[in-house]
Protein chains: 2
Amino acid sequence: MRQMKIDATDRKILKLLTENGRMSYVDIAKELGLSRVAIRERINQLMEEGVIEKFSVVINSDKVGKKVSAFFEVDCEPTSLVKVAETLVENPKVASCYQMTGPSTLHMHVLVEDFDELEHFINEELYALQGITRVESHILLRRFKSRSGLNL
Amino acid sequence: MRQMKIDATDRKILKLLTENGRMSYVDIAKELGLSRVAIRERINQLMEEGVIEKFSVVINSDKVGKKVSAFFEVDCEPTSLVKVAETLVENPKVASCYQMTGPSTLHMHVLVEDFDELEHFINEELYALQGITRVESHILLRRFKSRSGLNL
DNA sequence: GTTGAAATGCTGTGTAC
DNA sequence: GTACACAGCATTTCAAC
């Protein structure tokens with residue numbers, strides 16, 4: 001992956017868009033003391049380069065009924081790891097899945113409606129997979145901070 | 001927190017906005033076979049209720065120079081936990097910080113430029129805090145899936 | 001990088017059904 | 001919930017600097 005040349009202005013644009021993805025070019029231009037056209041071109045370039053992956057919306061998962069957040073550390077037999085990961089990724093309950101260093105190679109974040117659904121996920125969907133040697137699970141109690149943007 | 005009555009249409013709107021936060025009311029209306037006004041009112045209500053927290057932009061952290069992603073499990077003395085969490089939350093390198101069940105109560109995701117910055121974070125900013133009894137760290141090797149939206 | 005102008009399209013609002 | 005209309009903006013694209 002090629003390193004992009006992101007300058008201070010780009011970072012300011014990204015910061016403003018993180019806070020308000022609907023902010024208009026004109027308002028960004030005013031904020032940064034540049035012209036609308038310059039802002040538009042920078043944003044387009046940031047999108048082309050893949051720095052901006054997409055415009056989106058931040059949803060409060062509690063309020064759409066996903067009351068239970070769980071994190072899993074999953075150890076796999078080395079030869080099964082990719083297959084296990086790819087299966088988990090297909091599961092819509094799995095919000096994220098990372099390969100990490102350390103004894104527990106796969107880290108996974110799961111969102112479900114309730115504990116019944118969590119129990120079903122663990123027993124029917126997770127433990128059913130071949131090649132898993134150990135699972136450690138944690139339930140989320142409190143969010144102190146949640147992906148509130150990068151340090152730009 | 002009051003449970004909202006989110007219906008199937010709301011979920012479809014949220015899904016579309018997750019994929020493209022800039023999608024116009026008109027296009028959403030066409031997609032769902034409703035009127036423009038109906039879509040606008042639903043989105044406004046979703047924002048008022050806090051279901052939609054904000055419109056934002058998804059940034060590829062690698063491409064803005066955050067090459068290293070690390071996860072920490074931090075055990076604290078019970079009386080220090082909230083203070084430790086609140087201090088960490090103030091740190092811009094900390095992307096998220098959760099209190100979990102299980103032996104490691106605080107889980108934390110940190111984004112930094114490189115290993116020098118990570119080392120500095122660990123030694124100067126994390127280990128310097130009072131009340132921490134154990135830290136386990138993991139470095140991200142590979143993203144199989146990354147918060148690609150809720151299962152709506 | 002800037003400004004200006006014109007065409008187009010979307011939003012916000014109100015009205016009526 | 002729908003349909004329509006109107007004003008106010010924002011975006012897009014052009015040209016010129």
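Reminder, nothing fancy here: chain letters follow the sequence lines and each chain counts from 1.
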Fill in the blank from the handout: To the nearest angstrom, the CZ-C1' distance between A/Phe55 and D/dA10 comes to 14 Å
Practice task
To the nearest Å, give me how far apart CZ (A/Arg42) and P (C/dT2) are.
Solution key: 9 Å
Problem - Length of the CE-P vector between A/Met47 and D/dT12, whole Å - result: 10 Å
Handout entry: Greater than 12 external heavy atoms within 6.0 Å of B/Lys54's NZ
Key = yes
Problem - Heavy atoms from other residues, nucleotides or ligands near NZ of B/Lys12 exceed 12 (cutoff 6.0 Å) - result: no
Completion exercise
Separation of C/dG9 atom P from B/Lys30 atom NZ, nearest Å, is 10 Å
Exercise for the section: Classify the nucleic acid contact of B/Arg22 as base, sugar-phosphate or nothing, counting any heavy atom under 4.0 Å across all strands shown. Expected result: nothing
Fill in the blank from the handout: Testing D/dA3, D/dT11, C/dT11 for proximity to the side chain of B/Ser24, the answer is C/dT11
Handout entry: Check: B/Asp75 main-chain N/O paired with B/Thr133 side-chain donor or acceptor under 3.5 Å
Key = yes
Handout entry: OP1 or OP2 of C/dG9 under 4.0 Å from side-chain N/O of B/Tyr25
Key = no
Problem - Among D/dA3, C/dT11, C/dT3, the one nearest A/Ser35 by side-chain distance - result: C/dT3
Exercise for the section: Provide, to the nearest angstrom, the distance between the CD atom belonging to A/Glu31 and the P atom belonging to D/dA10. Expected result: 14 Å
Problem - Heavy atoms from other residues, nucleotides or ligands near NZ of A/Lys15 exceed 12 (cutoff 6.0 Å) - result: no
Practice task
Measure from CG on A/Asp27 to C1' on D/dT11 and round the result to the nearest Å.
Solution key: 13 Å
Pairs under 3.5 Å (N/O, protein and nucleotides 13-16 of chain C):
residue: C/dT13; atom: O4; partner: B/Arg36; partner atom: NH2; Å: 3.3

